Structures are given as structure tokens and as C-alpha cells.
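Just so we're on the same page: letters track the sequence lines, and every chain starts at 1. As the structure is a computational prediction, the values presented were derived from the model and not from experiment.
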Amino acid sequence: LAKTTQPISMDSYEGQEVNITCSHNNIATNDYITWYQQFPSQGPRFIIQGYKTKVTNEVASLFIPADRKSSTLSLPRVSLSDTAVYYCLVDDSNYQLIWGAGTKLIIKP
Amino acid sequence: NAGVTQTPKFRILKIGQSMTLQCAQDMNHNYMYWYRQDPGMGLKLIYYSVGAGITDKGEVPNGYNVSRSTTEDFPLRLELAAPSQTSVYFCASSYNTPQGYNEQFFGPGTRLTVL
């Protein structure tokens, strides 16, 4: 079974770039790596998804090395409203969804 | 579009009682999911469905049952509630292709307490 590992928590300051890395072994060869954001008392919300190399959208970038054993979510110029829990999601070679335990990101003024 | 809706928002059950958590989506998604999230923890997949009439177990299915008679609805049934089922339950849906799992849309959650 695949397993994911994320830092439990991180903190940073407004205006900084934040990088959160998720390690994942034994993931399905051809499937996506996805990141979600969750605020208290809400369901997770999709941030970004990628298969390999680099993907960028209006809120984040996702870096995936060639071996796909990790991925890094990059949040540029964070603000207080980016304080949340961030999850990586992969599916393993048996097509089972595997969620990371989440990284609690705290942004300070 | 309402997206994914869940009812009720809150519920308190006594040990041994049963209940059904309702979930509906209006996005014509083929996949639907039920998760539980214990305080301070990540999400655990309970059951999922790839289409009407097809369901499969996730990581933590014991104590739960599901059905999917229509594309829109995916109720979760708790039989003989136990304190260990105290959690927040999220329903989600997505439109997946053979290439993989796409973005999941989540409902607002149901907070369940079993006393």
C-alpha cells in the first residue's frame, strides 16, 4: 500500500513563499497527485493537481520530480487567509485513495 | 448548482441507534465518496461509488453501509451506532476518467456524536 508523509505543521509570515512537501511511495504510475486546502468546519477544497514536472495555476504551483516519490506544493506570497490545513492525495497501484495526514500551516502577520 | 449537499448538519445519537446521512450532488458526477474525519486528523475513506448501482469499500467500512440507486444520491447508513463513530462525515463527488481521479467537490459535512 502507498503511504504519504507530510510535516505536521509549518509557520511563515505574510508575503513569504511557502513550500510544503509530501513524500509518497508506491503510487500508481499514471495517476495524479492532488493537493487540497481545508479550513476549520469546512470540507476540503481542491488547490492543484499534477502528474509530473511542474503545474501552475492562479493560486499555487506543484512540483513533481521524475521519480514521483514526492511532490511540493508552493504557495507564493502567502497571506493570513492561507492559514489552513493542506493535504496531499495520491492513489496507489491498487487505485486506493491515500490522503496525507495534513500539514497545518499558520501564517503570521 | 447547489454542488454537494449533506443533511443533517449535526446529530446526536445514543449507542445502538441507527441513522442515515444523506448526500446529493447535482453536477452529474460519476464518482461519489464518504469520508470520516476525527478531530485533528486526516480523512479516511469509508465507501465510494463509481456509478449508480456500484459501490465499494474504502479504508474504514466497518459499521457502515451505502447504496447508490441514482447518480445524484449516495446515502450512508450507520447501524448500531458506537462512540467510536463520533466524527465529522464528509460526502464528496468527482467526475473521473480512466486517466485517474479528478477534483473532488466536498459537502459541508455532518457532525455526529454518539453518546
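A pairwise comparison of heavy atoms in B:L43 and A:W99 identifies O-CB, 3.9 Å as the closest pair.
No other option in A:P44, A:G43, A:G102, A:A101 has as many heavy-atom pairs under 4.5 Å with chain B as A:P44. If you tally non-hydrogen atom pairs under 4.5 Å between each of B:M41, B:Q6, B:Q37 and chain A, the highest count goes to B:Q37. Each of B:K44, B:Q104, B:E59 has some count of heavy-atom pairs under 4.5 Å with chain A, and the biggest count is that of B:Q104.
For chain B, the nearby part of A:Q49 is the side chain; its heavy atoms alone come within less than 4.5 Å. Using a 4.5 Å cut-off between heavy atoms, B:D56 makes no contact with chain A at all. Within the 4.5 angstrom heavy-atom criterion, only side-chain atoms of B:Y35, from C-beta onward, approach chain A. In this structure, the portion of A:Y36 lying under 4.5 Å from any heavy atom of chain B is its side chain and not its backbone.
Environment of CG in B:L115: crowded, with over 12 heavy atoms of neighbouring residues, nucleotides or ligands closer than 6.0 Å. Applying the 6.0 Å contact sphere to OH of B:Y95 captures no more than 12 heavy atoms from other residues, nucleotides or ligands.
A continuous path of Ile, Leu, Val, Met, Phe, Trp and Tyr side chains, each step under 4.5 Å between heavy atoms, connects B:F106 with B:Y48, placing both in one hydrophobic cluster. There is a path of hydrophobic side-chain contacts, each under 4.5 Å, that joins B:I46 to B:M19. In the hydrophobic cluster analysis, where Ile, Leu, Val, Met, Phe, Trp and Tyr join through side-chain heavy atoms closer than 4.5 angstrom, A:F63 is grouped apart from A:L73. In the hydrophobic clustering of this structure, A:V59 groups with A:W35; members are Ile, Leu, Val, Met, Phe, Trp, Tyr whose side-chain heavy atoms approach within less than 4.5 Å, directly or through other members.
Going from atom CD of B:E103 over to atom CD1 of A:I47 covers 11.0 Å, rounded to the nearest 0.5 Å.
Counting heavy atoms from C-beta outward, B:F90 and A:Q38 have side chains that approach closer than 4.5 Å. For the pair A:L97 and B:Y33, the minimum side-chain heavy-atom distance is below 4.5 Å.
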